[in-house]
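Step one of this worksheet: look at the structure below.
The figures that follow rest on heavy atoms only: side chains count, while hydrogens, waters and symmetry mates do not. Sequence lines set the chain letters: A, B, ... in the order given, protein chains first and strands last, and positions in each chain run from 1.
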Amino acid sequence: MKIIVLVIGLGLIAFIGWWFFGKHATDEAAAAVANHHQVVDVEVKGGYSPEVVTLQRNVPATLNFTRKDASSCLDRVVFSDFGINQALPENQVESVEIDTSTPGEYQWACGMDMFHGKVIIK
Amino acid sequence: MTITKRFWVSLILSLPMLAEMILKPFGWMLPGGEYTMLGLTTIIMLVSAGPFIKSAWASFKKHHSNMDTLVAIGTATAYLYSIYAMLTKQPVFFESAAFVTTFVLLGQVFEARMRQNASSAVKKLVNLQAKDAEVFRDGQFIKLPVSKVVVGDLIKVRPGEKIAVDGEITTGSSTIDESMVTGESMPTKKIAGDAVVGATVNGSGTLTYKATKIGKDTMLAQIVELVKKAQNSHAPIQSLTDKVSAVFVPLVLIIAILTFLVWYELIGASVASSLIFAVSVVVIACPCALGLATPTALMVGTGRSAKMGILIKNGQVLEAVNDVKTVVFDKTGTITVGQPRVTNIIGDREKILQIAASLEQASEHPLAVAILNEAKQTQIDMMNVDRFEAVEGKGVRGEINGQMAFVGNDKLLENIRLTSELSRQFEKLQQQAKTVVVVGQADQVIGLIAIQDTPKKTSQAAVAALKNRGLKTVMLTGDNEQVAQSIANEVGIDQVIANVLPKDKANRFKALQAGGKVAFVGDGINDAPALSTADVGIAMGSGTDIAIESGGIVLVKNDLRDVDRALALSQKTFNRIKLNLFWAFIYNVLGIPVAAGALYFVGLTLSPELAGLAMAFSSLSVVTSSVMLNRTKISTTPLTES
């Protein structure tokens, strides 16, 4: 019995290590441009999908966040580079306008800095 | 369902189990026993803890983990094991799952409120904005919403009303309370031609002003934008917590499994007690406290300083301020008033002023402006000047009442001699680093006027406060050594670097930076390069125009003592961040081993309920500590003018 428990325990540890620390594909998306405006819908549920958003430079951009997760961890989205700290009421579309004038990578995070996403402006 | 509702559900359903826990020694048992517990806890798990589990699962699928992962695993383990224990007739611990859920939700309810509190500064600033304005349209003043005001509109402000947008007074005069925007507590007297700032409150006079800046160009809008950015910026110290929080939750899960294995395999405890230790570990760990430590303190600190008219641009600046060893000041306009003033008149005061002012009427030379201001204050009538002539680099002359008169420096004298008394005075004034001009009439010097750019009344106190802080003070100026040194002596500056050409300022800076980080205080308009070279650039606002882009710290009001306040606030905020991080780390570093049963053999263990309570309060205490920053005393220099 003890041997079985030990094997299961160590197996779980190995699984956790692989699942959380191993390399896994992230959900990426590029914006669709229409009428000189690009829009990306981001679903907020246990993180962000997509997690990496690619935007075109100098085209006004909107990220539409929809929180489908009750966790208070995710109740805000913070773009520290743009001074944006937007509350995300549950099940409601919240638009965040992104200034695309300077190319680069800009992180966004939840209010507690636990979940992250990234905007790449090219 | 909101967090608050989920909390109430789980609290009310937990109470019967709490009652049993307390009353058990007195012989009271919960009616229905384990079945009632199962029922109550099942509802709690579905209604109150359900969202934790859903969120944890959603993030698990994305290879992420967070607080919810820990809470979900902790409560679900306790709940599921209890069902198994019930079926196999072993002791259950449903109440652990119920209590942990209640405590975690309680913590979140408080925390949400506190976080709201911490971020209230921007909302308060935005609310300062006036809603409407009385605008001159089609021949009359009509009330319009502020959004309809355009640049160039004439706006009427009655006593006690708010000024809608930035502008310039065209008619009327009043005192205006600008404290909400600049932090300046004394109302400011304003007359036609003066600038007014939107969102400030008019005193007892009625004014009409022309709108010069509207919408996001107004000072208030710019301050709001800056504070928003500052509040959400990253402090470099956070990179450590970022690294920790990325691996925190999985690591805790691994520690919990190891805890179980050690108790069960090595020490030989029962499955139930080994599991309780593991659950305690999962429940006590609190990555949120780490994540909240910096942003909440940054939010409160920058918000509070904005209220005082001190705008700290971001967390990076806040952190850099802590290592500043030297404060360098620009002279003109920063330490001094920036407008030369007449300090002494030797000879017949009125006559000398009258002649000098009449001759200088048309001049815009700073020295001439000083003389004209003095004449205006003493209410002297100007006389007509004929055959006016400017002698380049020397002065001016002309005919007044048929007599030749002149005003200028000593080079203008040529073959006129000063009396020995005047010549002695001349030298004495020069030694005091004053610029001396001679005034003459009909080939005779009748008097002297000494002009000086005087230090601001607050400069001495400001410099003293910085020295109290253990900082070295330096004055950097293009002016000559004698003038610079005398002003430095007057305000107590440690070191003077005079005769510096603008292009050499950066090099001088590098030399100073060898002795530690350097802050530069300048007016933000002429000093932009120096402000950006310094480790911390502090831009002084000049009344209504704030050069927001130029400095890491922007002082809205033109008060040098705010430099000390800005440093004090930055230090306080940064220390609070460090304190928060320290507690958040220590809490986890000590809490996890205790929860794992490391102190079992000295009789100290933590039940999952207590662990849940500790966890809820650790993040709450971090946020509370940040909000308390609003109350800490900021040591400032006494307001008495010296």
Side-chain angles (χ1 to χ4, degrees), chain A residues 1-27 43-51 67-87 89-90 107-117, chain B residues 1-3 6 50-52 54-69 108 111-112 115 119 122 225-234 238 241-242 245-251 253-254 257-258 260-261 264-265 268 271 287-288 290-292 294-295 299 314-315 619:
Chain A
M1 178 67 185
K2 282 200 170 183
I3 298 292
I4 298 169
V5 171
L6 184 66
V7 169
I8 293 174
L10 293 177
L12 267 177
I13 291 175
F15 172 74
I16 290 171
W18 169 77
W19 186 260
F20 290 108
F21 300 141
K23 271 224 173 302
H24 303 281
T26 49
D27 195 354
E43 186 194 55
V44 184
K45 193 178 170 191
Y48 302 97
S49 28
E51 234 163 72
R67 177 159 74 101
K68 295 181 177 161
D69 188 323
S71 170
S72 66
C73 255
L74 289 158
D75 64 3
R76 288 185 164 268
V77 62
V78 179
F79 288 80
S80 54
D81 300 300
F82 303 119
I84 296 167
N85 188 337
Q86 172 87 44
E90 216 178 328
Q107 284 259 352
W108 82 74
C110 71
M112 293 177 194
D113 217 9
M114 290 292 296
F115 291 104
H116 298 96
Chain B
M1 193 181 275
T2 64
I3 289 177
R6 282 160 58 197
F52 290 136
K54 256 193 258 165
S55 173
W57 178 243
S59 54
F60 176 79
K61 283 191 291 188
K62 292 197 170 84
H63 303 276
H64 288 314
S65 54
N66 67 336
M67 257 296 297
D68 294 342
T69 314
Q108 290 195 351
E111 190 192 294
R115 280 199 288 153
S119 62
V122 165
E225 192 56 30
L226 189 135
V227 173
K228 256 193 206 163
K229 278 195 178 155
Q231 288 198 322
N232 296 307
S233 67
H234 259 247
Q238 259 172 298
T241 50
D242 284 353
S245 65
V247 299
F248 189 89
V249 172
L251 213 59
L253 293 178
I254 290 172
I257 296 169
L258 288 175
F260 178 84
L261 290 179
Y264 181 73
E265 306 275 340
V271 175
C288 278
L290 283 173
L292 288 167
T294 317
M299 207 168 244
N314 54 40
S619 57

- Message: Less than 4.5 Å to any heavy atom of chain B: does that hold for the side chain of A:Asp69, its backbone, both, or neither?
- Response: side chain
- Do A:Phe115 and B:Asn66 touch side chain to side chain, with heavy atoms closer than 4.5 Å? yes
- Note on the structure: chain B shares the most heavy-atom pairs under 4.5 Å, among A:Glu51, A:Lys68, A:Glu90, with A:Glu51
- Within the distance-only criterion (no hydrogens, no angle test), does the side chain of B:Trp57 pair as donor or acceptor with the backbone N or O of A:Gly46 below 3.5 angstrom? no
- Message: Pair B:Lys228, A:Ile84 - check side chain to side chain contact (heavy atoms under 4.5 Å, CB included), show working.
- Response: CA-CA 7 Å; B:Lys228 256 193 206 163; A:Ile84 296 167; over 6 Å; no
- Task: Identify whether NZ of Lys or CZ of Arg in A:Lys2 sits under 6.0 Å from the centre of the six-membered ring of B:Tyr264 and within 45° of that ring's axis.
- Result: yes
- Message: Is A:Tyr48 close to chain B through its backbone or its side chain, or both, or neither, when contacts mean heavy atoms under 4.5 Å?
- Response: backbone
- Task: Examine whether an atom of B:Phe260 lies under 4.5 Å from a heavy atom of chain A, and if so say whether it belongs to the side chain, the backbone or both; otherwise answer neither.
- Result: side chain
- Could you pull out the closest heavy-atom pair between A:Ser71 and B:Asp68, with the gap in Å? OG-OD2, 2.5 Å
- Task: For the residue pair A:Ser80 and B:Asn232, confirm or rule out a side-chain donor-acceptor distance under 3.5 Å.
- Result: no
- Does B:Lys62 use its side chain to pair, donor to acceptor, with the backbone of A:Lys45 at less than 3.5 Å? yes
- Message: Taking the side chain as everything from C-beta on, heavy atoms only, tell me whether B:Glu265 gets closer than 4.5 Å to A:Val5.
- Response: yes
- Top residue by heavy-atom pair count (under 4.5 Å) with chain A, among B:Lys229, B:His234, B:His64? B:His64
- Item | Contacting moiety of A:Gln107, where chain B heavy atoms sit under 4.5 Å | neither
- Using non-hydrogen atoms and a 4.5 Å limit, figure out which bit of B:Phe52 sits close to chain A: side chain, backbone, both or neither. neither
- So, the part of B:Val271 with a heavy atom under 4.5 Å from chain A: the answer is neither
- CG/A:Leu12 to CG/B:Leu261 distance, rounded to the nearest 0.5 angstrom? 9.0 Å
- Message: Heavy-atom pairs under 4.5 Å with chain B: which of A:Asp81, A:Ile3, A:Ile13 has the most?
- Response: A:Ile13
- Proximity breakdown for A:Val78 and chain B, heavy-atom pairs closer than 4.5 Å: side chain
- Quick one: what part of A:Leu10 sits under 4.5 Å from any heavy atom of chain B, side chain, backbone, both or neither? both
- Against chain A, label B:Ile254 side chain, backbone, both or neither, depending on which of its atoms sit under 4.5 Å from a heavy atom there. both
- Parallel, tilted or perpendicular: which fits the ring planes of A:His24 and B:His63, with parallel below 30° and perpendicular above 60°? parallel
- Note on the structure: Taken to the nearest 0.5 Å, the spacing of A:Trp19 CH2 from B:Phe60 CZ works out to 5.0 Å
- Query: Given that the side chain runs from C-beta out, which part of B:Gln238 has a heavy atom under 4.5 Å from chain A: side chain, backbone, both or neither?
  - Reply: side chain
